[in-house]
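Written out below as structure tokens is the structure these notes cover.
In what follows, every chain begins at residue 1, and chains take the letters A, B, ... in the order their sequences are listed. None of the values given here were measured: they were computed from a predicted structure.
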2 protein chains.
Amino acid sequence: MAQNTTIKDIARALGISKSTVSRALADRFDVKPETKKAVMEMAEKMHYRPNPFAQNLIKRRTKIIGVVVPEFINSFFARIIIQIQTVFEREGFHVLITQCNESAEAERRNLQLLEESMVEGILISVTEKGRNTDYYKELIGSGIPLVFFNRAATDVAASRVVIDDYKWAFFAVEHLINVRREMGQPMPRIMHFQGPSEIDLSGLRYRGYADALRKHGLPVDSSLVIRCESITREEGFRMMNRCIVQGTVPDALFGFNDQLAIGAMKALKRKGFHVPQQVSVMGFTESQSALVTEPMLSSVAQPLDRMGETAARLLLEKIQNPASENRTVVLEGLLNVRGSSDPKMLDAE
Amino acid sequence: MAQNTTIKDIARALGISKSTVSRALADRFDVKPETKKAVMEMAEKMHYRPNPFAQNLIKRRTKIIGVVVPEFINSFFARIIIQIQTVFEREGFHVLITQCNESAEAERRNLQLLEESMVEGILISVTEKGRNTDYYKELIGSGIPLVFFNRAATDVAASRVVIDDYKWAFFAVEHLINVRREMGQPMPRIMHFQGPSEIDLSGLRYRGYADALRKHGLPVDSSLVIRCESITREEGFRMMNRCIVQGTVPDALFGFNDQLAIGAMKALKRKGFHVPQQVSVMGFTESQSALVTEPMLSSVAQPLDRMGETAARLLLEKIQNPASENRTVVLEGLLNVRGSSDPKMLDAE
DNA sequence: CTGAAAGCGCTAACAT
DNA sequence: ATGTTAGCGCTTTCAG
């Protein structure tokens, strides 16, 4: 109970040397079959479990990888992590998961923790604000491969897997323009709730928004671009209420994320505006709540499963061959058009 | 780069023995202060990091604990895990998180994984269906303390932290009765969407429901107890639609969980029933979505933070003192009354 | 106060 | 095909 059985115990029990036991356990070719069998049986009988620490000490491999995410209560990262675990556990790795609650400081601590744990690689999605760029580089320099997923630090040489936020924001806005035009508004006023400036993605999605307007001959009106300080339902609610008071309610809204869009939608409905008849609303980053609102929220879905799997494979590649080139994989998104943006979709709900 | 510095390197650099370095690093009292200082500085300079595997090998401690949850995409367990991590990381432990997607088999694999990792303790919330009771006992027997949280296996001697589901279901239903009576219905028909029979909690919450009815002189009508096969929005939607078709729409609904309640609410609204004016709806286990529905969903909130923290402390206690007694901590829930059950709350939204 | 030596459990030359 | 030996990086007697 207190003490686990070791190869030494097995060796003694069988009257052979511990190296033979070790070899037998490793299923080496140079062990007599019957010895092998005897060892296996004795190991089973004595409930032998190899001590991973002794093994690691010698093999200089920990078979542990680390994951750093900004948070995991929003299911977004949780879904990705599940795939990461699936891939790595199949390969015999353990996955150490850390979350930093969007704090760059905590992120740093987590990276330290992982480094001390001698992980063989790290998968990371960086925090909204602040970058530990120096640390990322240091880790890579010291031989611990890093792979970014979803949110990447741009100026670090590492593999990454992301979606093209610019492109999918563009498509989302294009959809809004089309749907409003179908409804007889040739020059719809499309508003954007922009994410905080600290988030790289805010800029990307804004550019997608602006370029979609330009392509379709609509002016990019700065009064229609609302800079949000946070990306919560409450903020969306507050901002849209302000628009209502100011009488600047648009024909359509493209939210930086679902939460902002949901808050805005609530404000609109509360004041008697009809969604989508009067205002089309569109989110980004398909959330659990998108299917709970009424009408259901249109959004851009990201292939979280593939993102997790791809990130895991990229890291595995780096671990198995440290000299392998860095790769950037851009995954496709998916426009989920639902009732909040398109009246035609209302029936289906 | 390839090779980390070891105490041997430090010793050589300083011309002293590695045992002294070891002692200095451990801040032992029997080392000359200046030696200590010199070692510390050299360690810093050479970027010394102790090899945890060598340490573990000797100390026979891994400073790792494991967590097993049924899933973590629903934020429920994620919130608990965050607290667990907070407590244990403060104590210098690593937390290995595993999820088993509600599969008892996967749960068993996860437990094996953790056992092989030589965790010093395990925090577990068991799957809906099936129990690995034999394995739980085996682990405890072999000296790995187990602490249950939220969902516990009843017949295993271990510490646990739970909420009193019976009691809070009782309160929830009592609230529904009261609110309907205030609305002038002396004998309201309260329906219950019961969870699957494999889930222990289904029975507990049902009993709370039934006893609340009895206490208030209402009949327990089996036609008002709908057994659900899953606990999803879709199931709730389906079941309530069936009631609508059959003309058995009740005055109030107590759902086994929020998802069922949200699905039911959607079905009701879709068919023109007013919530809460015609039907009061109440969920359980406060979900993210509860605040997204309109009206917002009344629910029983569980103190997830405290649950995580308490579970962590109970396990820590067991690790530090294996002989300590098993304890059961029952946490209080919280009735969040919102617009879906009580018309008075609608204004506040 | 410090060094030498043993050993944690395991693997991997090197022998035989 | 098996045993002997050394050693991974660290801690901990045991001497001095």
Side-chain angles (χ1 to χ4, degrees), chain A residues 1-40 42-43 46-64 92 115-120 142-143, chain B residues 1-40 42-43 46-64 92 115-120 142-143:
Chain A
M1 212 127 298
Q3 196 69 351
N4 276 321
T5 44
T6 70
I7 52 171
K8 208 165 136 190
D9 299 325
I10 299 178
R12 194 167 30 219
L14 254 38
I16 58 176
S17 83
K18 67 193 180 111
S19 23
T20 304
V21 176
S22 173
R23 275 186 286 246
L25 257 13
D27 201 19
R28 281 291 215 313
F29 65 96
D30 55 353
V31 180
K32 210 185 345 179
E34 46 265 50
T35 316
K36 213 178 263 186
K37 188 151 159 285
V39 169
M40 292 302 195
M42 184 55 77
M46 300 176 78
H47 295 108
Y48 169 75
R49 299 251 176 264
N51 181 324
F53 299 98
Q55 290 181 318
N56 290 334
L57 188 55
I58 244 182
K59 296 209 193 135
R60 346 208 90 253
R61 293 203 58 174
T62 58
K63 283 275 198 176
I64 299 178
E115 189 184 6
E116 281 164 20
S117 309
M118 300 180 61
V119 294
E120 295 187 31
S142 76
Chain B
M1 211 126 296
Q3 195 69 352
N4 277 321
T5 44
T6 71
I7 52 169
K8 209 163 135 191
D9 300 324
I10 300 179
R12 195 169 27 218
L14 255 39
I16 58 178
S17 83
K18 68 192 179 112
S19 18
T20 304
V21 175
S22 174
R23 275 186 286 247
L25 256 15
D27 202 18
R28 281 288 216 318
F29 64 98
D30 56 353
V31 181
K32 207 180 356 173
E34 45 268 48
T35 315
K36 211 177 264 184
K37 189 152 157 283
V39 169
M40 292 302 194
M42 185 55 77
M46 299 177 78
H47 296 105
Y48 170 74
R49 299 252 175 264
N51 182 325
F53 299 97
Q55 289 180 319
N56 289 334
L57 187 55
I58 249 183
K59 296 207 193 136
R60 346 209 87 253
R61 292 202 60 174
T62 60
K63 285 277 201 169
I64 299 178
E115 189 184 6
E116 282 164 19
S117 309
M118 301 181 61
V119 295
E120 295 188 31
S142 76

Rounded off to whole Å, could you give me the [atom1]-to-[atom2] distance for the [X] and [N] pair?
{"X": "A:F53", "N": "D:dT11", "atom1": "CZ", "atom2": "P", "result": "15 Å"}
{"X": "B:K18", "N": "C:dA5", "atom1": "NZ", "atom2": "C1'", "result": "9 Å"}
{"X": "B:I58", "N": "D:dG7", "atom1": "CD1", "atom2": "C1'", "result": "14 Å"}
{"X": "B:K8", "N": "C:dG3", "atom1": "NZ", "atom2": "C1'", "result": "15 Å"}
{"X": "A:R12", "N": "C:dC10", "atom1": "CZ", "atom2": "P", "result": "12 Å"}
{"X": "A:Y48", "N": "C:dC10", "atom1": "OH", "atom2": "C1'", "result": "7 Å"}
{"X": "B:I10", "N": "D:dG9", "atom1": "CD1", "atom2": "P", "result": "13 Å"}
{"X": "B:I7", "N": "D:dC10", "atom1": "CD1", "atom2": "C1'", "result": "5 Å"}

Taking only heavy atoms on the protein side, list every residue of residues 20-36 of chain B lying under 4.0 Å from any atom of DNA chain D, sorted numerically.
B:S22, B:R23, B:R28

side-chain contact (heavy atoms from CB on, under 4.5 Å) with B:V21: of B:T6, B:L14, B:I16, only one passes, and it is B:I16

Take B:S19 and B:L57, find for each the nucleotide of DNA chain C with the closest heavy atom, and name the residue whose nucleotide sits nearer the 5' end.
B:S19

Testing D:dC10, C:dC8, C:dC10 for proximity to the side chain of B:P50, the answer is D:dC10

Could you check whether any side-chain heavy atom of A:R49 comes within less than 4.5 Å of a side-chain heavy atom of B:E115, counting everything from C-beta outward?
yes

Between the side chains of B:E120 and B:R61, is the shortest nitrogen-to-carboxylate-oxygen separation below 4.0 Å, so that they form an ion pair?
yes

Just to verify, what does A:D30 make a salt bridge (charged side-chain N to carboxylate O under 4.0 Å, His left out) with, not counting sequence neighbours?
none

What do the steps show when you test B:S17 against B:T20 for side-chain hydrogen bond (donor to acceptor under 3.5 Å, both in side chains), and what is the final call?
CA-CA 6 Å; B:S17 83; B:T20 304; 3.2 Å; yes

